[in-house]
Amino acid sequence: MPILIENIKELVQIEDSPKLMVKGAEMAKLPTLKDAWLFIEGDKIVAFGKMKDLNKQELFFANEDIQVIDAKGKMVFPSFVDSHTHLVYAAPREIEYIDKIKGLSYEEIAKRGGGILNSAKKIQEASEEELVDAAMKRLDEIISYGTGAVEIKSGYGLTTESELKMLRVIKKLKILSPLTIRSTFLGAHSIPMEYRSNQSLYVDLVINEMLPQVAEEGLADFIDVFCDTGFFTVEDTERILEAGLKYGIRGKIHANELDYSGGIQAGVKYNALSVDHLEFTGDAEIEALLNSETMPTVLPGAAFFLGMVYAPVRKMMDAGLPLALASDFNPGSSPSGNIQLILSMASILYKMLPEEAINATTINSAYAMGLSKELGSIAIGKKANVFITTEIPSYEFMPYAYGSNKVETVILNGEIKNLPASVGPGSV
Ligand code: NIG
Ligand code: FE
C-alpha cells in the first residue's frame with residue numbers, strides 16, 4: 001500500500017538533482033524541507049514537498065488505499081548506509097578486550113594468534129545456519145538504529161572452505177533481510193599461522209584458489225585486503241586488487257590503520273571504490289586521493305575502541321576530499337553497529353559538524369557501496385528506505401543525544417518494518 005507521511009517537522013537530506021557524493025566544503029551543506037510530506041509507492045520515493053503544497057485529494061483520487069502517517073514533531077531521514085562491517089561472526093571476543101584493557105595492543109594480540117585468527121577458528125567450527133541466525137539478529141539490531149543498507153565482509157574464514165561459507169551466508173542474508181546488502185571478499189584479512197614464514201604463498205591461495213571460486217559462484221560484489229603493518233604488504237595488496245579487477249570485482253580496502261602503509265596509494269592506483277580506516281593519512285595520501293574515484297572512509301568505532309589516533313578528517317575535507325563514515329561492526333575492534341553512535345563519535349571525537357556527519361553516513365557511504373544512485377538521500381525515484389525519528393528538536397540532536405535511539409519507525413523497500421520490542425546493544 002502506498003504510504004503518505006505528512007506533517008514532517010523536517011525532511012532531511014533532500015535532493016532535487018541527485019549527485020553521487022559530496023566533497024570538501026559541500027559536506028557542511030544538508031538540504032532539508034521544513035513542514036513537509038513524503039509519498040512512497042511500491043519500493044520507491046515518488047514525491048515530496050511542503051505541506052502547504054500538498055494536494056491530498058489528487059493523491060487519494062489516484063490511489064485507492066493510502067496509509068497515512070502523521071509525523072508531527074518528528075523528522076524523516078533517508079536510512080543510513082553502513083559501508084563497512086564484518087557482522088558475520090561466530091562469537092564475540094570480550095576476553096581479548098580484557099587483555100586490551102590490561103595493556104596489550106591490537107598487533108600484540110594478533111601476533112599471538114588472537115584477534116582475527118581467533119574469529120577464524122570459531123567460524124571454521126560454526127555451521128552456515130548458526131551464522132545466518134546470529135547475523136540476522138545483528139541485522140535487526142542495526143535496522144532499529146536506522147541503517148537501511150550494509151556492506152558485509154568475509155575474512156574470518158581464511159581457508160577456501162570457510163571463506164566460501166561466510167560468503168554463502170552473506171548471500172542468504174541478502175535474500176532474508178530487507179536491508180540492501182553488498183558482500184566483500186576479504187580472504188586477505190590476516191595471515192594464517194601456517195603461512196607466517198611465507199605469506200606470499202597465502203596470497204597465491206587467495207588469488208588462485210579462493211577468488212576464482214568466489215567469482216564463479218558470484219559471491220562477492222567487492223574485494224578487500226588488510227594492507228597494514230604486520231598484515232599484507234603493498235605488493236600483496238596490488239596483486240590481489242589486480243586479480244579482482246580481472247573478474248570485474250572492484251576493491252574496497254583496509255588501509256593505513258596502523259601506519260603509513262602505502263595502502264591508500266595502492267587503493268587509488270587500482271581504482272578502489274573506497275579506502276577505509278585512514279588513521280595514518282598525511283599530505284602524500286591526501287594528494288593521491290584528490291581527483292581519484294576512491295571514497296576515503298573513516299571508522300570512528302574502531303579508533304575509539306582501540307584507542308588509536310584519529311584520522312585527520314578536517315584536514316582531508318579542507319583539502320577538498322569527500323568523506324564517508326561506517327561502523328566497522330566486528331567482534332574485535334568495533335563491537336557495535338549502532339550508526340547513531342558513529343554520528344556522535346564523528347562530532348565529539350573528530351569535530352565533524354552534524355551536516356558533515358550525516359552526509360558521511362548517507363550519500364557518501366552509499367557511494368562507498370556503489371549505491372548512491374539508488375540510496376543515501378530523499379530523491380524522486382530512489383529506493384524508499386527512510387526512517388521517522390522520535391520527537392526531536394532539530395537534526396543536530398541526532399549526533400548530540402549520544403547513546404539513545406532516536407529512530408521510531410523504519411520503512412525499507414517501501415514497507416514499514418516491525419521493530420522488535422527491545423533490541424539493544426549487546427546481541428552477540
Ligand atoms: O576493520 N582492521 C582489520 N580488520 C577489522 C578488525 C577485525 C577484527 O579484529 O576482528 C577492522 O577493524
Ligand atoms: Fe574492518
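For the single chain, residues carry numbers from 1 onward in sequence order. Both ligands and their constituent atoms are indexed starting at 1 by order of listing.
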Margin query: Considering non-hydrogen atoms of the protein only, which is the closest contact for atom 11 (C) of ligand 1, and what is the distance?
Written below: Asp328 OD2, 3.1 Å

Please output the side-chain donor-acceptor pairs of residues 17-27 that fall under 3.5 Å, not counting sequence neighbours, one pair per line with the distance.
{"from": "Lys19", "atom 1": "NZ", "to": "Glu15", "atom 2": "OE2", "distance (Å)": "3.3"}

Next item on the list: For ligand 1, find out whether one of its N or O atoms is nearer than 3.5 Å to an N or O atom of Glu257.
Entry: yes

Next item on the list: Quick one: look up the protein heavy atom nearest atom 4 (N) of ligand 1 and list residue, atom name and how far away it is.
Entry: His189 NE2, 2.8 Å

Check: Parallel, tilted or perpendicular: which fits the ring planes of His84 and His277, with parallel below 30° and perpendicular above 60°?
Finding: perpendicular

Note to self: Tell me the protein heavy atom at minimum distance from atom 12 (O) of ligand 1, and give that distance in Å.
What the structure shows: Ser333 OG, 2.5 Å

Next item on the list: With Arg196 as the cation and Tyr202 as the aromatic partner, state whether NZ or CZ is under 6.0 Å from the six-membered ring centre and within 45° of the axis.
Entry: no

Next item on the list: Scan Asn330, Thr184, Asp328, Asp224 and name whichever one has a side chain to side chain donor-acceptor pair (under 3.5 Å) with Lys153.
Entry: Asp224

Next item on the list: Starting from atom 9 (O) of ligand 1, locate the nearest protein heavy atom and write down its residue, its atom name and how far away it is, to 0.1 Å.
Entry: Tyr106 OH, 2.6 Å

Checklist line | Shortest protein contact, atom 3 (C) of ligand 1 (heavy atom only) | finding: Phe226 CE2, 3.3 Å

Notebook entry, point to check: Counting each atom of ligand 1 from 1 as listed, which ones have a heavy atom of Ile116 under 4.0 Å away?
Noted result: 7 (C), 8 (C), 9 (O), 10 (O)

Item checked: Numbering as shown, the atoms of ligand 1 that approach His84 to under 4.0 Å (heavy-atom distance) -> 1 (O)

Checklist line | Heavy-atom check, side chain of Val46 versus side chain of Ile380, under 4.5 Å | finding: no

Next item on the list: May I ask you to test the Thr147-Val81 pair for a side-chain heavy-atom distance under 4.5 Å?
Entry: no

Next item on the list: Verify ring pair (Phe, Tyr, Trp, His ring centres under 6.0 Å) between Tyr145 and Phe80, making sure each step is shown before the conclusion.
Entry: CA-CA 9 Å; Tyr145 289 123; Phe80 293 118; over 10 Å; no

Margin query: Strictly distance-based, threshold 3.5 Å: is any side-chain N or O of Asn385 a donor or acceptor partner for the main-chain N or O of Asn413?
Written below: yes

Notebook entry, point to check: Under 30°, 30 to 60°, or over 60°: which ring-plane class applies to His189 and Phe226, parallel, tilted or perpendicular?
Noted result: tilted

Check: Taking the six-membered ring for Trp, are Phe387 and Phe77 parallel (under 30°), tilted (30 to 60°) or perpendicular (over 60°)?
Finding: parallel

Margin query: Yes or no: does Tyr156 have any heavy atom under 4.0 Å from an atom of ligand 1?
Written below: yes

Item checked: Within-2.8 Å protein N/O/S contacts of the Fe ion (ligand 2) -> His84 NE2, His86 NE2, His254 NE2, Asp328 OD1

